[in-house]
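Reminder, nothing fancy here: chain letters follow the sequence lines and each chain counts from 1.
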Amino acid sequence: MSAAIKRACDACHRRKVKCDGINPCRNCSTAQLSCTYNAIPQKKGPKGSRAKVISELRETQRQTSLAARVQNRVAGLTAGPSQNPTTAGPSPGMVTGELVKECLEFFFAHMYSTMPILVRQKVEQQAMFMEQNRDVYCLVTALCAFVMLQPGMTMPPSDPYNLDMMPGSNLIASTLLLEEAMRVRNGYEYLDSPTLNSIATSYLLFACYYGVESHNKAWFYLREASTMMHMLDMHKE
DNA sequence: TTATTCGGAAATTAAAAACA
DNA sequence: GTTTTTAATTTCCGAATAAT
């Protein structure tokens, strides 16, 4: 590139063409434009703290170490004598009764008004036996994953994933729960006979993925929920 | 063929951080 | 204090497109 001139005129700047810097400049003359230099240049250079990169690196490393701790913790939870981590059944210790209780409490206190997709009494009843019913287990796990994403939701006092209330621990807990829900859900044919629970689960998966900005997955599960509603003739009066 | 538009690479600049 | 690093802005190259 030839040496850039100190300042391009307004028209050349707009047209993204080389300006000779005089008034009127050659481009403006040939285009019969009035050649002005009215634009006020912006201040160049970084604004505010420029420690953005180092902050990002710190955050990435923190998340990585946190995730590693969670992996270890989960490996410990799932490494029972009769437990194979690759099975499609619920992982013991992953979705604790206390976690479910807290998440249901939060959901019905703060979110039910804008998302009335569940009946409290029914869910609480079903949740007691969720280990025996994958449909319910997935619903409850997805619900917990969704609730853990919400601002204001705190980790239960027992801290089931041993995250020490560190910043970002909610997001990691949510991710783990989402993975758990997906793993169990992929282990059985929930589409064979969709239920209200599986529709709500799809909707909660949509909400979870939307919350973590995985928009393609989010829309997929929203669409899935909508399709299952059709399968159950819920679009009819 | 010539003129125009515009995505984006390269250059420029200045603030913040690092260093002596 | 000076130097280095980083990030924001500006210039304008050159490919794509439109006009003649």
Can you hop from A:Met130 to A:Ile117 via hydrophobic side chains spaced under 4.5 Å? yes
Kindly express the pairing pattern of DNA chain C in dot-bracket notation, using | wherever a base pairs with another strand and counting only Watson-Crick or G-U pairs under 3.5 Å. |||||||||||||||||||.
Determine, using ring centers only, whether A:His215 and A:Tyr209 are less than 6.0 Å apart. no
Return the nearest nucleotide to the side chain of A:Lys43; candidates are B:dC6, B:dA15, C:dA8. B:dA15
Rounded distance in Å - NZ (A:Lys44) to P (B:dA16): 17 Å
Atom OH of A:Tyr37 to atom C1' of C:dT10: distance rounded to whole Å? 14 Å
Is A:Ile22 reachable from A:Val17 through a run of I, L, V, M, F, W or Y residues, each pair having side-chain heavy atoms under 4.5 Å apart? no
Could you check which of C:dT11, C:dC13, B:dT13 has an atom nearest any side-chain atom of A:Lys6? B:dT13
Measure across A:Thr141 and A:Leu177 and return the closest heavy-atom pair with its distance rounded to 0.1 Å. CG2-O, 3.1 Å
Among B:dT13, C:dC13, B:dT5, find the nucleotide with the atom closest to the side chain of A:Arg15. B:dT5
Value in whole Å for how far the P atom of C:dT11 lies from CZ of A:Arg14: 14 Å
Could you work out which one of C:dC12, B:dT5, C:dT10 sits closest to the side chain of A:Gln42? C:dT10
N/O (side chain, A:Lys18) to phosphate O (OP1/OP2, C:dC12) under 4.0 Å: yes
Pair A:Lys101 + A:Glu98: basic N to acidic O under 4.0 Å: no
Transitively linked via ILVMFWY side-chain contacts under 4.5 Å: A:Tyr112 with A:Val119? no
Heavy atoms from C-beta onward define the side chain here; which of C:dT11, B:dC6, C:dC12 lies closest to that of A:Val17? B:dC6
Need one value for A:Cys12: base, sugar-phosphate or nothing, where a base atom within 4.0 Å counts as base even if backbone is also close, heavy atoms only. nothing
Could you check if a side-chain atom of A:Phe206 sits within less than 4.5 angstrom of a side-chain atom of A:Trp219, using non-hydrogen atoms only? yes
Should the side chain of A:Lys16 and the base of B:dG8 be counted as holding a donor-acceptor pair, with the cut-off at 3.5 Å? yes
Phosphate OP1/OP2 of C:dT11: any A:His13 side-chain N/O under 4.0 Å: yes
